[in-house]
Amino acid sequence: MAKKKVLITGAAGFLGSHLADRFLKDGFKVVGMDNLITGNLKNLDHLFGNEDFHFMHHDVSKFVHVPGELHYILHFASPASPIDYLKIPIQTLKVGSLGTHNLLGLAKAKKARMLIASTSEVYGDPEVHPQHEEYWGHVNPIGPRGVYDEAKRFQEAMTMAYHRFHGVETRIVRIFNTYGPRMRLNDGRALPAFIGQALRGEDITVFGDGSQTRSFCYVDDLIDGIFKLLFSDYALPVNIGNPDEISILDFAKEIVALTKSSQKIIFKDLPKDDPKQRRPDISKAQELLNWSPKIHRKEGLEKTYAYFKTLSKEELNTTAHYNFEKYITR
Ligand code: UDP
């Protein structure tokens, strides 16, 4: 039987590159698309030369053309850290809105099934805990995270409209904090920030008093959940994440212990609109997809640390987050 073809946007990013690996491993042809603003081709190096993999350097905010047949589209292109939203706010809005519209049009034309990467950020700074899919959220549209949160909320609305009005087969995953190899070292997220600081011998920066909580999911578990959701028949949003909740201060202590660093933990101002608590209610994923995370944080952190240790001194010390000059158009 001919292999099915999948388009993965954001393929040179953290999640996109893991998805590309998983689909190739499971016998699909993969077209990886990325504009390389925050993505890094190093994440795909091992796939060039694989005859089932093809890379397209393209910005999905502009009309998307993929020749030939296409069976599945996974839209994972987006900046995804609070530092990114401040530096490239308009690109963040465009990829979630215009990019999603273009890809839904492509899905409709190709009769492909499309899965979009939504986020726990649609719940904002939540007043309901843990967060279940029926909660509508508590989002500040004009705050620093608004460009991401509202683009993702618009993305969900647009996806449901194409599903209901045009009958496009769609899936929506709401991704909670995820970590693992190939995370960008200097994107400002807690885990790469803490590990990078430990490796460079700098103090570990906890924002606020560190009492805010997050629930971290190892990337392999997340990819497995997404895979199961894509092949399910459920079109409404599904949370995928690990409900094992921890305060950021305790998380920082775990990283200090893991890296055996003698650095001290220092406290900095809490960024505006930083959610106070976050934990997914994953009953839907458990019931509908028979999915739950399997990898405990201890094991996941060890694998992630092993990856960060392979980075060169130059990569560890780089503070440039973007390929600004090369790729950004305004
Ligand atoms: N954080 C921190 N120190 C850092 C980076 C992040 O204490 O150097 C905090 C951040 O304020 C937030 C939590 O860690 O409360 C998780 O941040 P991340 O950016 O990883 O994810 P998000 O806030 O989007 O869940």
Side-chain angles (χ1 to χ4, degrees), residues 10-18 20-21 34-48 55 57 76-89 91-92 144-145 148 177-208 210 214 216 218-219 248-271 274 297-298 300-328:
F14 166 45
L15 297 181
S17 64
H18 283 280
D21 285 346
D34 208 296
N35 65 0
L36 301 177
I37 292 179
T38 59
N40 188 344
L41 281 180
K42 190 184 163 196
N43 293 333
L44 297 173
D45 261 356
H46 59 293
L47 299 183
F48 288 97
F55 180 73
H57 182 197
F76 278 70
S78 177
S81 90
I83 285 192
D84 293 350
Y85 316 148
L86 288 177
K87 294 215 171 180
I88 41 175
Q91 284 78 12
T92 306
R145 291 172 180 253
Y148 182 66
N177 293 70
T178 302
Y179 68 99
R182 303 187 199 147
M183 275 186 109
R184 229 155 86 238
L185 183 69
N186 290 313
D187 74 352
R189 295 202 148 261
L191 180 136
F194 294 163
I195 293 189
Q197 287 159 348
L199 286 171
R200 288 188 300 265
E202 297 167 359
D203 291 338
I204 312 291
T205 55
V206 164
F207 297 162
R214 294 294 185 272
F216 295 96
Y218 187 66
V219 62
I248 292 300
L249 180 57
D250 286 344
F251 187 59
K253 289 178 183 164
E254 283 190 0
I255 304 279
V256 170
L258 169 79
T259 55
K260 301 188 177 55
S261 90
S262 52
Q263 277 26 79
K264 33 176 216 309
I265 292 177
I266 58 167
F267 296 89
K268 295 214 161 175
D269 288 347
L270 189 67
D274 197 287
R297 202 169 49 246
K298 187 167 189 319
L301 285 181
E302 276 163 13
K303 290 183 180 187
T304 308
Y305 182 43
Y307 162 79
F308 280 112
K309 276 198 291 193
T310 66
L311 298 184
S312 67
K313 233 196 169 86
E314 196 194 343
E315 284 168 311
L316 265 186
N317 287 317
T318 182
T319 48
H321 315 295
Y322 308 100
N323 296 310
F324 259 132
E325 306 74 21
K326 261 165 120 179
Y327 299 124
I328 290 191

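Sequence positions, counted from 1, serve as the residue numbers for this chain. For clarity, every value in this text was computed on a predicted model and none was experimentally measured.
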* Taking only residues two or more places apart in sequence or in another chain, which ones pass side chain to side chain donor-acceptor pair (under 3.5 Å) with Ser312? ->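 Result, side chain to side chain donor-acceptor pair (under 3.5 Å) vs Ser312: Glu315.
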* Not counting sequence neighbours, which residues clear ring pair (Phe, Tyr, Trp, His ring centres under 6.0 Å) with Tyr305? List them please. =>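 With sequence neighbours excluded, Tyr305 shows a ring pair (Phe, Tyr, Trp, His ring centres under 6.0 Å) to no residue whatsoever.
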* To do: Taking ring pair (Phe, Tyr, Trp, His ring centres under 6.0 Å) as the test, write out the residues that go with Tyr179, two or more places apart.
  =>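 By the ring pair (Phe, Tyr, Trp, His ring centres under 6.0 Å) rule, Tyr179 matches Tyr218.
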Mind checking whether [X] and [Y] have side chains closer than 4.5 Å, heavy atoms only?
| X | Y | answer |
| --- | --- | --- |
| Phe14 | Val219 | yes |
| Gln263 | Val256 | no |
| Leu301 | Phe251 | yes |

Taking side chain to side chain contact (heavy atoms under 4.5 Å, CB included) as the definition, give me every residue that meets it alongside [X], ordered by chain and number, with sequence neighbours left out.
| X | answer |
| --- | --- |
| Pro82 | Tyr85, Arg145, Arg189 |
| Leu41 | Leu36, Leu44, Phe48, Phe55 |
| Asp21 | His46, Leu47, Arg182 |
| Phe267 | Val206, Leu249, Ile265 |

* Asked: Run the side-chain contact (heavy atoms from CB on, under 4.5 Å) check on Thr178 and Leu15 step by step: do they pass?
  -> CA-CA 9 Å; Thr178 302; Leu15 297 181; 4.1 Å; yes
* Using the side-chain contact (heavy atoms from CB on, under 4.5 Å) rule, take Phe308 and Leu191 through it: C-alpha gap first, then chi angles, then the decisive distance, then the call. => CA-CA 11 Å; Phe308 280 112; Leu191 180 136; 3.9 Å; yes
If every non-hydrogen atom of [X] is compared with every non-hydrogen atom of [Y], which pair is closest and at what distance?
| X | Y | answer |
| --- | --- | --- |
| Pro89 | Leu86 | CD-O, 3.5 Å |
| Ile204 | Gln197 | CA-OE1, 3.3 Å |
| Leu185 | Gly196 | CD1-CA, 4.0 Å |

Going from [atom1] on [X] to [atom2] on [Y], what distance comes out if it is rounded to the nearest 0.5 angstrom?
| X | Y | atom1 | atom2 | result |
| --- | --- | --- | --- | --- |
| Ile88 | Ile83 | CD1 | CD1 | 11.0 Å |
| Leu199 | Thr259 | CG | OG1 | 7.0 Å |
| Thr38 | Arg184 | OG1 | CZ | 5.0 Å |
| Asn43 | Asp34 | CG | CG | 9.0 Å |
| Asp269 | Asp274 | CG | CG | 11.5 Å |

* Asked: What pairs of residues pass the ring-ring contact (aromatic ring centres under 6.0 Å, His included) test when at least one of them lies in residues 181-204, not counting sequence neighbours?
  ->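 As it turns out, there is no ring-ring contact (aromatic ring centres under 6.0 Å, His included) pair with a partner in residues 181-204 once direct neighbours are skipped.
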* Asked: Under a 4.0 Å N-O cut-off, is there an ion pair linking Asp187 with Lys87?
  ->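 Salt bridge absent between Asp187 and Lys87.
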* Could you list the residues that satisfy salt bridge (charged side-chain N to carboxylate O under 4.0 Å, His left out) with Glu314, not counting sequence neighbours? =>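 Salt bridge (charged side-chain N to carboxylate O under 4.0 Å, His left out) check on Glu314 returns nothing, list empty.
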* Asked: Listed by chain and number, what are the salt bridge (charged side-chain N to carboxylate O under 4.0 Å, His left out) partners of Lys309, not counting sequence neighbours?
  ->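 Not a single residue meets the salt bridge (charged side-chain N to carboxylate O under 4.0 Å, His left out) criterion with Lys309.
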* Got a sec, which pairs hit salt bridge (Lys or Arg N to Asp or Glu O under 4.0 Å) with one end in residues 250-260, sequence neighbours left out? ->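 Found Glu254-Arg297.
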* **All pairs passing salt bridge (Lys or Arg N to Asp or Glu O under 4.0 Å) where residues 190-204 contributes a residue, at least two apart** =>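 Pairs touching residues 190-204 that pass the test: Arg200-Glu202, Asp203-Lys264.
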